[in-house]
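Step one of this worksheet: look at the structure below.
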Amino acid sequence: MTNHEIARRFARIADVLEIQGENPFKVRAYRRAVDAIDALTEPLADIEARGGLENIEGFGEAIIGKTRDFLRTGTTKLYEQLKDAVPSGVIEMAAIPGVGPKTAKALWEALQVTSPEELEAAAREERVRAVPGFGATKEKNLLAAIERSRRLSERLPIFVVLPYAERLRRELLGRPEVGRIELAGSLRRGRDTVGDIDLVGISSDPDATMEAFTRLPGITETLIQGPADTAVLCDLGLRVDLRLTSPENFGTLLHHFSSGQAHNIKLRDLADEKGLKINEYGVFRKETGEELFRGEDEAQVYEALGLPFIPPELREDRGEIEAARRGKLPRLITEADFRGQLHCHSTYSDGKATIREMAQAAAERGYAYLAITDHSRSLQVANGLSRERLLAQIEEIRALNRELAGRITLLTGQEVDILADGSLDGDEDVLAQLDVVVGSVHIRHREDEAQMTARVLKAVENPHLDILGHPTGRLLGKREPFPIDIEAVIAAAVRTGTVLEVNAAPERMDLSDVYARRAKDAGARLTVNTDAHSAAGLGGLMWGLFMARRAWLEPDDVINTFPIDRLRAALKDAAARA
DNA sequence: GCCGTTTTCGGCCCGACTGTTTTCAGTCG
């Protein structure tokens, strides 16, 4: 069984147990197991084969046993007992925002409704209000919740949501009583997709700010409204939460709503050990209730616990608190660390700027080098370069380098298609001349995992390939990653010295955070590039930086932070070792 | 069900908002 299949079965167990009213901590244990599996890149079968299940956090005796059952037999006793104990439709009912497990169970038992559709019909027929604990208002709200759930979006790519959230932020900042508004939640943590928008702020008149918030352009509905917490629906189909407080309490509020839930839970556990209590209004001594600090600086939360500051991107409970305690937090890469980029396009293929314009833009950004990597000959839709045009481009770049000497160094290169058989779309003698060869899959994504893995592995083994570009081919919101054994690709990259790209194009963000972290842990080197098709495009590193920082990458892990001599050595190294 | 520099048993983050069973349970983040 795949990790995904096992995770879905544990999730099913959690859903059923929750509706049955089981111990909520047991339910949480199964949900934690689901999250832990989702964060893995290695198949559970492989982990089991090397005896590693015990090391997965949240995996205890019972869950390890059930995981082994799933791997060996495809099921386990508890799953067989539970899978039909609660109708799927009742689980769907419970999953509707605002409904929940207790409500779903009560209405299932009282009215025998077993799906959102049946529940909707019962509410329309005013049968819900007769159930003990329910009334006409709840019945009306239930109908609204069901209708709303059909309009709700799934998670959306961050590049869609971030500009929208910034617009809401600016509108709120325009009000006189508002002192500060910041983006929090998964937007601030830089997740590739976002399920809601979290805003936190300071207001001297929260009621007025909240009222105005519910009337902002694009806000379609108010879900809850209070002076500290108001939630609305926006026309992206996402929930937007605004939390307000005073300047004294803003630091802890910002911290709380910028961190993943699991991070907060673990942090509060740690506080408990130290005789402290954390909530979104402060850090307090448990005994005396004394408040340890006030103010707008969220770093004080960590100081109070004797920890170094943990950047938002790391706050996912993926080992950051343990690393902080040991003083082993990474020095996360920043935009200022970059000395150049190794993957961009010019008017030679499908870019909008000439090589000279790209060079000037890169120099203005303070870069020491820029590799021009236009598309290869077979990618005709992108005006891929023939052998002759590529040779001409190399000449042009050499001439430009003489002219630009002292300002910036252009590197010759190409983004070469990885063809269906895994060979590179170029002539060996030309590839050997280039400073940087990026290899990418652009055609035939739909091969099966074995074919795609063999194809990419062959390219990685190719001595001319320096960088594997956008390794999984995903397009956020449009196309899933193609099926590939990423573990095998990473291992081959480590062995051959091939550099793995974190492509920063907003719709790609590829490698993802999880895979990039895995690559780093396995000893691979990485590069972060905008894949710019215009001069302005070179400014779009932030999307890749979100992934890189969430992957714990440090400047030393990313070769385009190196000075040019070290960079050249790293690339030569790749060719020599392969 | 998980977990342990007080513990192998007895805890498990914490608070806002809502509707109603009027003192709190349910839901959410």
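So that the names make sense, note that chain A is the first sequence line, chain B the second, and so on, each numbered from 1. As the structure is a prediction and not an experimental result, all values here were calculated from the model.
- For Arg268(A) and dC12(B), the shortest distance from a side-chain N or O to OP1 or OP2 is not below 4.0 Å.
- By the neighbour-count criterion of 12 heavy atoms within 6.0 Å, atom CD of Glu61(A) is sparsely surrounded, having that number or fewer from other residues, nucleotides or ligands.
- Within the 4.5 Å cutoff, the side chain of Arg8(A) has no heavy atoms near those of the Met1(A) side chain.
- Nucleic acid contact class of Asn264(A) (heavy atoms, under 4.0 Å, all strands): none.
- With rounding to whole Å, Asp272(A) atom CG is found 12 Å from dC14(B) atom C1'.
- Nearest approach of Ile181(A) to Gly201(A), heavy atoms of both residues: CD1-CA, 3.9 Å.
- Using the Watson-Crick or G-U wobble rule with both distances under 3.5 Å, dT8(B) pairs with nothing in any strand shown.
- For the C1' atom pair drawn from dG10(B) and dC24(B), the interatomic distance equals 25 Å after rounding to whole Å.
- Note on Glu61(A): only backbone sugar-phosphate atoms sit closer than 4.0 angstrom, heavy atoms only; bases stay farther off.
- Nucleotides dT7(B) and dC12(B) are separated by 14 Å at their C1' atoms, to the nearest Å.
- Ring pair Phe309(A)/Tyr302(A) is perpendicular by interplanar angle, where above 60° counts as perpendicular and below 30° as parallel.
- Distance noted for atom C1' between dG11(B) and dT18(B): 30 Å (whole Å).
- To the nearest whole angstrom, the two P atoms, one in dC28(B) and one in dT23(B), are 25 Å apart.
- Residue whose closest nucleotide on DNA chain B sits further toward the 5' end, between Gly100(A) and Asp229(A): Asp229(A).
- Here Glu280(A) lies in heavy-atom contact (under 4.0 Å) with sugar-phosphate atoms only.
- Heavy atoms of Val27(A) sit nowhere under 4.0 angstrom from any nucleic acid atom.
- With hydrogens and angles ignored, a donor-acceptor pair closer than 3.5 Å exists between the side chain of Asn23(A) and the base of dG1(B).
- Each of Glu273(A), His263(A), His256(A) was scored for a side-chain hydrogen bond (donor to acceptor under 3.5 Å, both in side chains) with Arg268(A), with one residue passing: His256(A).
- Nucleic acid contact for Pro101(A): sugar-phosphate only, since backbone atoms but no base atoms lie under 4.0 Å from a heavy atom of the residue.
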Give me, pair by pair, the N or O atoms of the protein and of nucleotides 19-25 of chain B that are less than 3.5 Å apart, along with how far apart they are.
from    : atom 1 : to        : atom 2 : distance (Å)
dG19(B) : OP1    : Asn141(A) : ND2    : 3.2
dT20(B) : OP1    : Gly135(A) : N      : 3.2
dT20(B) : OP1    : Lys138(A) : N      : 3.2
dT20(B) : OP2    : Thr137(A) : OG1    : 3.4

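- Taking atom P in both dG26(B) and dT22(B), the straight-line distance is 14 Å, to the nearest Å.
- Rounding to whole angstrom units, NZ of residue Lys105(A) and P of dG26(B) are separated by 10 Å.
- Note on Arg68(A) versus Glu54(A): salt bridge recorded, some NZ/NE/NH1/NH2 to OD/OE distance being below 4.0 Å.
- Among the nucleotides dG1(B), dT27(B), dC14(B), the one closest to the side chain of Asn279(A) is dC14(B).
- As rounded to whole Å, 12 Å separates atom C1' of dC3(B) from atom CD1 of Ile63(A).
- For the pair Leu242(A) CG and dA16(B) C1', the computed distance is 13 Å after rounding to whole Å.
- Residue contacts shown for Lys277(A) are limited to sugar-phosphate atoms, with no base heavy atom under 4.0 Å away.
- Where Ala29(A) and Arg243(A) meet DNA chain B, the nucleotide closest to each residue was compared, and Ala29(A) sits on the side nearer the 5' end.
- Leu267(A) comes within contact range of no nucleotide atom at all, as no heavy-atom separation falls under 4.0 Å.
- Counting non-hydrogen atoms of other residues, nucleotides and ligands closer than 6.0 Å to CD of Glu154(A) gives a total of 12 or fewer.
- Regarding Glu322(A), its CD atom lies at a distance of 15 Å from the C1' atom of dT5(B), rounded to whole Å.
- Contact annotation: Tyr281(A) side-chain N/O to dA16(B) OP1/OP2 distance is under 4.0 Å.
- Atom CD1 of Ile265(A) is separated from atom C1' of dG29(B) by 11 Å (rounded to the nearest Å).
- One interatomic measurement links the two molecules: CG of Asp269(A) to P of dT7(B), which rounds to 17 Å at whole-angstrom precision.
- Residue Thr230(A) places no side-chain N or O under 4.0 Å from the OP1 or OP2 atom of dC17(B).
- Nucleotides dC2(B) and dC13(B) are separated by 16 Å at their C1' atoms, to the nearest Å.
- For the C1' atoms, the distance from dA25(B) to dT20(B) is 10 Å, rounded to whole Å.
- Residues meeting the side chain to side chain donor-acceptor pair (under 3.5 Å) test with Tyr281(A), sequence neighbours left out: none.
- The neighbour count for Arg325(A) CZ, taken as heavy atoms of other residues, nucleotides or ligands under 6.0 Å away, does not exceed 12.
- Counting to the nearest Å, the C1' atom of dC2(B) and the CZ atom of Arg31(A) are 16 Å from each other.
- Residue Ile96(A) is classed as a sugar-phosphate contact, given heavy-atom separations below 4.0 Å to backbone atoms only.
- Counting non-hydrogen atoms of neighbouring residues, nucleotides and ligands closer than 6.0 angstrom, the NZ atom of Lys328(A) reaches no more than 12 such neighbours.
- Among the nucleotides dT18(B), dC13(B), dA16(B), the one closest to the side chain of Ala228(A) is dA16(B).
- Ranking dC28(B), dG29(B), dC17(B) by closeness to the Pro97(A) side chain, first place goes to dC28(B).
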